Number of protein chains: 2
Amino acid sequence: MSQAQQSTVRNRLLASLSAGDYALLRPHLETVTLEVRDHLFRADQKIAHVTFPEYGIASIVADTGEGRFEVGMVGSEGFAGTSVVLGIDRTPHTCLVQATGEAIRIGSGELQSAMDRSPTLRAHLLRFIHTFIVQVSQTAYANAGYSLEERLARWLLMTHDRLEHDDMPITHEFMSIMLGTRRPGVTLAVQMLEGTGAIRASRGHITILDRDKLEHLAGQSYGFAEKEYSNVFALPIKRGR
Amino acid sequence: MSQAQQSTVRNRLLASLSAGDYALLRPHLETVTLEVRDHLFRADQKIAHVTFPEYGIASIVADTGEGRFEVGMVGSEGFAGTSVVLGIDRTPHTCLVQATGEAIRIGSGELQSAMDRSPTLRAHLLRFIHTFIVQVSQTAYANAGYSLEERLARWLLMTHDRLEHDDMPITHEFMSIMLGTRRPGVTLAVQMLEGTGAIRASRGHITILDRDKLEHLAGQSYGFAEKEYSNVFALPIKRGR
DNA sequence: CGACTTGGGTACGAGTCCGTACCAACATTT
DNA sequence: AAATGTTGGTACGGACTCGTACCCAAGTCG
């Protein structure tokens, strides 16, 4: 229960709160580690906490009984638990950790009380939800009209945006679940991308070699949502480094 | 500028507001007609009004320069202009009328002031946004893993939910744009669905003959978001008739 | 070291959908 | 009735992805 000083917080939303709003949250903040496959919340069960990642990535997946697949992704640019901010402590989605890391979380009730007391806090979090809707829309868009390679390129870019390193620990199997496709299909797509020199693949790892090339390969499937985030928060989605 | 009495309002969100919250909005409400292809707002331009359909349907489409396609649909169960409620009067999406009808609208600024004065009003509208996120997620889900016939069945069901009649004026061309596919593909899919007896097609019209059969054909691509709406508002999405 | 688990590569037939093109049926206007 | 525009039906080759199956390589653990 380390109630971090705001100046040391990496999460972009928390870091960009006014000092007063942060002070309102601080007594209730709790630092936790994120381990791959941890669940931050599960479909149709009460959401206990809203989670602001510091490092690592959480995936929001739709869980229909006919297999899950990813509808959105959150790292240190946002938070997981949009429905709590919208006043509902339950959702048909599941949220699980995609990349190991660390997060600051707050109880759902505490956050709701704090938002009731601070209109500027609420406004800040609602703006993120707008950008999240755009992200989910873009997932719908990408799924509708783009090839597996293009969608894979998009997914790698989104993951890259939210991690520190160019070397990312990801298996083909995992990507196939996130993209809702076959595992052998991912293998082929990875080989294609590797052939262009944009990435390098090794057992359980993908390394980004040439980000510009990858963006070119992703085409219009990437960029839309990221641009909106920049506009709304006047900050690029990717942390400078 | 007919400031409708709440008891005669068809829009489910407006109708289910408390009398006090409705009174807060009433001076600013304005009734307008919706004509096919009218735009309620355009990508990256200021959103002047939030629109609550009474009859008819509005589509929210992503507009990437590489062709538009639908990410969500709103009828009398909700409203168009989620980003205004989230505090942003601009969005990369475009909203256009899909089916002729009528709507009650309110200026973006007036609605924002009203929400600032009434927490219950804000909460009500935010709950709808949660259900809208689920709808967009399901579009992403359907686009990822379902065949054209299944997605067409889903789209027809969603349209049927929001219209009064089993007979719906829709062209193949229009469906192909909404589904992001080729027009001849729609023709084939329509014939498939017609072959099962679920619908009947005639020039510019689709008639729903057997809704249960259509739901069965749509499989898991339909139902998810509609169920969530029912849970959140304790009302079925389809108006009784 | 040998067995086991996990992750990755490959193959092949089948089905879906795309891109493109052309024609037929219907509606509206003059 | 002819002209024009809209809508719907059909065809065909090619690209992509699926479903399924099998094997190989790398790490792990007794």
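Numbers restart at 1 for each chain; the letters A, B, ... are given by sequence-line order, proteins then strands. Here the structure is a predicted model, which is why all the values come from computation and not from measurement.
- Using a 4.0 Å cut-off, no side-chain N or O of B/T187 falls inside it from OP1 or OP2 of D/dT10.
- A donor N or O paired with an acceptor N or O is found under 3.5 Å between the base of D/dG9 and the side-chain atoms of B/R183.
- The minimum heavy-atom distance between A/F79 and A/L13, with the atom names listed, is CD2-CD1, 3.5 Å.
- Rounded to whole Å, atom P of D/dT7 lies 18 Å from atom CD of B/Q191.
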Practice prompt. Under the side-chain hydrogen bond (donor to acceptor under 3.5 Å, both in side chains) rule, what do A/H172 and A/T187 come out as? Steps first, then yes or no, please.
Written response: CA-CA 7 Å; A/H172 292 192; A/T187 300; 3.1 Å; yes
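- Counting only heavy atoms from C-beta outward, the side chains of B/I199 and B/L209 never approach each other to under 4.5 Å.
- Comparing B/G185 and A/A201 against DNA chain C, the residue whose closest nucleotide sits nearer the 5' end is A/A201.
- By the 30° and 60° cut-offs, the orientation of the rings of B/Y141 relative to A/F69 is tilted.
- Here D/dT17 presents its C1' atom at 10 Å from CG of A/L188, a figure rounded to the nearest Å.
- No side-chain heavy atom of B/R162 sits less than 4.5 Å from a side-chain heavy atom of B/Q98.
- Donor-acceptor pairing under 3.5 Å, judged by distance alone, is absent between the side chain of B/R203 and the base of D/dG8.
- The nucleotide range of DNA chain C contacted by chain A, defined by atoms under 4.0 angstrom from heavy atoms of the protein and reported 5' to 3', is C/dT6 to C/dT10.
- If you take NE2 of B/H172 and C1' of D/dG8, they are 6 Å apart, rounded to a whole angstrom.
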